[in-house]
Amino acid sequence: MAETASITPFPQTDQSAISQVDYACRVSDNSVLCIGALQHGLTGKETILLDGMAVEKPYLAAILSHQGKRLTAMLLHVEEQHYLDTFGDVTLEYPGGRSHWQLQGRIDEHAEALPGLLQGMTAENAGKLLMMLLKYAAVSPAIAADTHYAKLCDVLRQRMQADEAVVSQSFWLLPHVLYLEAVLPSREYAQARFINITTRGVQVGKAMVMDTPYKSEQNGQIVTPMLVMFSREAVGAIRDGSFSLQLKDRVLPLQQALPRLEPNTANFIAYLRLLPEYTRLNIRDFVCRQLMDNPGKGSKEAITDLLRNMQLFLLPSYVCVYEKDGPFGIHVDMAVAVPGKGIVVAGWMYDPMRLMQRLTLVSDLGRSTPVQEVMVRFRWDEVAELYEENHFSSADDDFGFMAYLPYDDETLAAMEQWPDAVSFRLTAELQGGLSYTVAPKHQVPDPFVARTHLLERIASRIAAEDDAAEAMGSAATMLQQACVGKADIRRSYQYGKAVSKPKVSVIIPLYKEYGFISTQVAHFAHDEFMGEAEIIYVLDAPEDQEQIRAQLGELSRLYGLPISLLVMSHNAGYATATNLGARHANAPHLLLMNSDVVPMEAGWLESMLGQYTSGDAEGALAPKLLFEDGGVQHAGMYFAMHRSGEFYENLHYGKGYPAGHAEVNQSREVPAVSGACLLISRSAFNKVDGLTTDYVVGDFEDSDLCLKLRRKGLTSYYYADVSLYHFERQSMDKVEASPEARFWLNASEHHRRWSKDIEEVMKDHG
């Protein structure tokens, strides 16, 4: 029931009470609308008879007012085989008594007398009557086609025009999603939190309503933003007809029909740009949040694209707050979400007068998270230079800030569903009510962009001993994990006939430095054993694939050597490229090799494989590596504490010694070996899940692998009988990140994982 009258209790004895039906109107062949003063209220437990025929449930009722009188409206229907041409008595049988409602006159067949009755009522009463009819249509959909029902609805809508809602703006955002703004009578806003959309008496959609109107008009009306979701079946019908808003207990017709254009968010974005920033961002958040919470039957890709467009084209007014002589400045370099983890925020702030009271991170999900309690500060010399002549002197030069904010459960759930569609901004609230909202230049950066930005812009400014170093390390590791999760093989190419049963798969990641490929392949081609090996290059820079495809194709044809090329979807680092190469390899043994390692003579790989399978090496085996001048670069690795005392670093036995020195010409077990040229069985590689991918853009993956093997009881072995040239770190120098920052980040992570194991292994090796 829409609303029930107050209940007057009966005494516990049978009695009869008679009241009058002032008006009865046909709704359909077997249903009638009755309006009149009812002597006793409704309990919901009464049985209703219409001239002795049982009225079917649900019967609907509402309380109206007419010229100061309190009236009850009831919509009654009986079994379909009965045609109601007239009736005389409505009997209400209560548990404690009986009441009669008697009709004076006939049923109004075509609602001709209804307008006169409505003149004495407010438009709100007409809305309540229309609400009853819509509820009736919801349980009896066939009624919508009845001419009596349609006529009655039309009469009620005409009366309601004095109290209707007006559409001020409307835009189709998706084929089934409409944004509209309606001017509602102010007294109705309390009911307008969640609205059903109806047309021709049938519900066709639902509207989510923004928590607060964004503007109040002088006449008391307010503008209410709504996001309307239609079923695909209803879109065609709703565009061709008028529609109404179904509130809690009544209906408001909308004065303006929906736009007939196809979805075009450009118009929507252009309109929002005209609004004040606070309103614009609130509406943006509202639309984003509702689309994420209620995607309906829409394409997830289409919704993601829509959200990204709003984030990219509806930026806050301030990307950076800076005045050379001003008392406050703030810039946010990055605010990026790490899947499954949290949000990394970094930037700088100049506040010598201590004006800032609150710094808050705001997301499109409508979530606000305090930042200042968890952020750490660090030096940013460039900012100090910006304010060097500022007359508000600052004794504090730690202008940089960084924070890691773990997800709450609600945000985590939304981020898992929409990993590429949520952006963030910072709001700095100052004393006296002044506030600034700033957003990063890259509103929705992918983790690859964020990782590079973090290393280039932030990490290079943080010293290992800074308070921000730990947060920096956590953020970099999380971004690296996010990059790994997105990386895969995009394309694969085979040049020449693939080796059917290779003995060894040679896996060579490529990144930026390609000058040694021709020399490397030429040495492979002049080694007979390489005909039994599978050569796999893994390109970790997909933007260079055309160049590498042409180069490897030409080399394969020139030397008649089979070569495979795997092209990564993104640059995720040496470990990820190697692991994906191993996944595509077919041999029982894997040789992990850098692109800047070049053999000195034929037979090197056959000799390494023979030594490995002889049983001396059970985990990883690596040869002697030489610098270009013939000096030793690698004769096995060991660990020593860094001069800072903060972490162990990897060092090479015999580094700089002549190649013929006795100490570097003895094959032996060592704490670890270099990954520049490392032989391992597939079973051992899989046993430790390959290379660890958490190290940012390289460093320490090889020693990490050796330490993982050691935990499984497998050794690392230096093989002195084979020598190769290693033009050290040629590709690593091409990485777009600070080498110092990358080193201490990875060294700190390596130390955290392995410090106790390193202490034990170094006791064994001195």
Check the pair D22, L117 against side-chain contact (heavy atoms from CB on, under 4.5 Å), reporting the backbone distance first and the verdict last.
CA-CA 10 Å; D22 293 329; L117 179 68; 5.7 Å; no

Can you check side-chain contact (heavy atoms from CB on, under 4.5 Å) on L430 and Y436, steps first, answer last?
CA-CA 8 Å; L430 310 185; Y436 292 101; 4.0 Å; yes

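- Ion pairing of D285 with R425 is present here, as a side-chain N (NZ or NE/NH1/NH2) and a carboxylate O approach within less than 4.0 Å.
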Take I303 and V177, measure what side-chain contact (heavy atoms from CB on, under 4.5 Å) needs, and give me the verdict at the end.
CA-CA 10 Å; I303 294 175; V177 177; over 6 Å; no

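- Distance alone, capped at 3.5 Å, is enough to place a donor-acceptor pair between the D108 side chain and the A113 backbone.
- R308 places no side-chain N or O within 3.5 Å of a backbone atom of Q311 that could act as its donor or acceptor partner.
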Between L156 and L114, does a side-chain contact (heavy atoms from CB on, under 4.5 Å) hold up when you go through it step by step?
CA-CA 9 Å; L156 292 172; L114 184 58; 4.1 Å; yes

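- Using a 4.5 Å heavy-atom threshold, the side chains of F313 and T265 count as separate.
- Taking the six-membered ring where the residue is Trp, H77 and Y136 present tilted rings, their angle falling between 30° and 60°.
- No side-chain heavy atom of M310 sits less than 4.5 Å from a side-chain heavy atom of L173.
- L49 and A54 make their closest contact through CD2-CA, 3.7 Å (heavy atoms, listed as atom of the first residue, atom of the second, distance).
- A side-chain donor-acceptor contact under 3.5 Å links W101 to the backbone of Q20.
- M74 and A61 get closest at one heavy-atom pair: CG-CB, 4.1 Å.
- The shortest non-hydrogen separation linking L71 to A37 is CD2-N, 3.7 Å.
- The nearest pair of heavy atoms linking V27 to V32 is CG2-C, 4.0 Å.
- For the pair A73 and M132, the tightest heavy-atom approach, listed with the atom from each and the gap, is O-CE, 3.9 Å.
- Inspection of the Y179 and Q290 side chains reveals no N or O donor paired with an N or O acceptor under 3.5 Å.
- Side-chain contact check for E429 versus S435: some heavy-atom pair is nearer than 4.5 Å.
- By the 4.5 Å heavy-atom criterion applied to side chains, V362 and L281 are not counted as neighbours.
- The nearest pair of heavy atoms linking R284 to S423 is NH2-OG, 3.4 Å.
- Side-chain contact check for M229 versus M208: some heavy-atom pair is nearer than 4.5 Å.
- A donor-acceptor contact shorter than 3.5 Å links the side chain of D51 to the backbone of D89.
- Note that the CG atom of D154 and the OH atom of Y149 stand 10.5 Å from one another [nearest 0.5 Å].
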